[in-house]
Amino acid sequence: MLVHIEDRVAVVTVNDPDRRNAVTFDMSVQLRAAVDAAEANPDVHALVVTGAGKAFCAGADLSALGEATEDGLRKIYDGFLAVANCALPTIAAVNGAAVGAGLNLALAADVRIAGPAALFDPRFQKLGIHPGGGATWMLQRAVGPQVARAALLFGMRFDAEAAVRHGLALAVADDPVAAARELAAGPAAAPRDVVLATKASMRATANPGVVDTEQHRIAVDTELGPQATSILTPEFAERLAAAKRK
C-alpha cells in the first residue's frame, strides 16, 4: 500500500499490480491501516483511493475466498469497509477494472472518478458466489434498484461513459487521480471540523432516522450467510481449482 499526503489530501494506492490489486487478507489489513492513519491525521482533510498499474482492483483473490469462513469474509471486507466508514470525504479514482470486491471498494467511496479504461463489473454471479460486503445496498444506493438489478442479476457491466450515464461515476478524466485531487481541493481548503461535520450530517439525513453506515452494516450481515454458503458449492470449487491451475 502506498500513501502520499500533499495539500491536505491523502492518496492511498493499492499496490499489487502483478495480481491486478486483488483483495487479499494482507491487502485488506494494509488498506484499513492506511485509512485509519489518514483519518487520525489532523492535516488530512480528504482521501483518494486508486490502484497501481492498469487495474483499480480485480476483486477478491479466489484462493482467499475459497478458504474463507464468515469471519474470513469479514476480514476480506474490512479494507473497503474502512473506506465506507471513513469520516473524511473519500474519492475513488478508478483507473481500470473494478471487479467484485474491487467494485465494492469503488462503491465505498463518496465519489467515483473514472479513467478512460475504467470498468465497473460486479461479476459475483458469473463466479457463482452471492454478493457480499454490502454490495446489494451500495449499488442500489448508487444507481437505483433497476440498474442495480441489471448488474447483479443480469450481469450488466459499466464502462466509464456508462458509469457516468447511470450515476455510478461523477465524471470521466484522462488522469482520474489528478481529477480526484482537484475535486479534493475543496475540503482541503475548508476547516476540517466543518468538513467532518458536513459528511456526518449527510450520512444522517440521507434517510432521516437512520445513519447510512448502520444501513450498510445491516446489508453486510444480510449478505454474509448466503455468500458463505455459495462459496461451498461445487460450482465455485470448480472455478477455484481452474484459477489455481493457471
Side-chain angles (χ1 to χ4, degrees), residues 1-4 9-24 27-28 30-31 34-35 38 46-61 76-77 79-84 86 88-124 126 131 133-135 137-144 147-148 150-152 155-187:
M1 201 69 55
L2 303 176
V3 180
H4 177 74
V9 178
V11 178
V12 176
T13 303
V14 181
N15 186 34
D16 192 1
D18 291 343
R19 289 193 291 184
R20 303 180 73 235
N21 305 316
V23 180
T24 62
M27 185 273 256
S28 188
Q30 290 185 49
L31 182 55
V35 173
L47 183 144
V48 175
V49 62
T50 191
K54 294 182 179 180
F56 175 72
C57 177
D61 179 86
I76 290 171
Y77 303 159
F80 63 74
L81 289 180
V83 176
C86 185
L88 299 166
T90 55
I91 305 170
V94 184
N95 51 302
V99 179
L103 175 60
N104 283 355
L105 176 57
L107 287 168
D110 296 314
V111 172
R112 287 156 293 282
I113 304 292
L119 178 67
F120 300 83
D121 183 0
R123 205 176 294 182
F124 293 106
K126 187 175 181 180
W137 177 78
M138 288 192 292
L139 195 54
Q140 290 190 86
R141 180 181 65 163
V143 299
V147 176
L152 292 174
M156 181 177 178
R157 307 187 303 170
F158 309 83
D159 62 16
E161 295 294 340
V164 172
R165 188 164 65 251
H166 290 291
L168 185 54
L170 179 68
V172 180
D174 289 336
D175 185 339
V177 174
R181 288 185 58 85
E182 183 177 352
L183 186 63

Could you pull out the closest heavy-atom pair between [X] and [Y], with the gap in Å?
X: Ala114; Y: Ala160; value: CB-CB, 3.9 Å
X: Val14; Y: Asn21; value: O-OD1, 3.0 Å
X: Ala22; Y: Met27; value: O-CE, 3.9 Å
X: Ala98; Y: Phe56; value: CB-CD2, 3.7 Å
X: Ala169; Y: Phe120; value: CB-CZ, 4.4 Å
X: Ala148; Y: Val143; value: N-CG2, 3.6 Å

Check: Val111 and Thr90 side chains under 4.5 Å, non-hydrogen atoms
no

Taking the side chain as everything from C-beta on, heavy atoms only, tell me whether His166 gets closer than 4.5 Å to Glu161.
no

One pair to check against side-chain contact (heavy atoms from CB on, under 4.5 Å): Leu47 and Val35. What are the steps and the verdict?
CA-CA 8 Å; Leu47 183 144; Val35 173; 4.2 Å; yes

Working to the nearest 0.5 angstrom, can you tell me the gap between [X] [atom1] and [Y] [atom2]?
X: Asn95; Y: Leu119; atom1: CG; atom2: CG; value: 12.0 Å
X: Asn104; Y: Leu81; atom1: CG; atom2: CG; value: 8.5 Å
X: Leu105; Y: Tyr77; atom1: CG; atom2: OH; value: 14.5 Å
X: Asp61; Y: Thr24; atom1: CG; atom2: OG1; value: 7.0 Å
X: Asp16; Y: Cys57; atom1: CG; atom2: SG; value: 9.5 Å

Before giving the answer on side-chain contact (heavy atoms from CB on, under 4.5 Å), spell out for Leu107 and Leu168 the whole-Å C-alpha distance, their side-chain angles and the decisive distance to 0.1 Å.
CA-CA 8 Å; Leu107 287 168; Leu168 185 54; 3.5 Å; yes

Within 6.0 Å of CZ in Arg181, more than 12 heavy atoms from elsewhere
yes

Report the C-alpha distance between Leu152 and Leu139 in whole Å, list the side-chain angles of each, state the deciding distance to 0.1 Å, and finish with yes or no for side-chain contact (heavy atoms from CB on, under 4.5 Å).
CA-CA 9 Å; Leu152 292 174; Leu139 195 54; 3.8 Å; yes

For [Y], does its backbone N or O pair with a side-chain atom of [X] as donor and acceptor, under 3.5 Å?
X: Ser28; Y: Gly79; result: yes
X: Thr50; Y: Ala93; result: yes
X: Arg112; Y: Ala106; result: yes

All salt bridge (Lys or Arg N to Asp or Glu O under 4.0 Å) counterparts of Arg157, not counting sequence neighbours:
Asp121

For a side-chain contact (heavy atoms from CB on, under 4.5 Å) check, start with the C-alpha distance between Leu103 and Met138, then their side-chain angles and the critical distance, and finish with the verdict.
CA-CA 10 Å; Leu103 175 60; Met138 288 192 292; over 6 Å; no

Per side-chain contact (heavy atoms from CB on, under 4.5 Å), Leu170 is matched among Ile113, Asp110, Ile91 by Ile113

Tell me, which pairs form a salt bridge (charged side-chain N to carboxylate O under 4.0 Å, His left out) where one or both residues lie in residues 97-106, sequence neighbours left out?
none

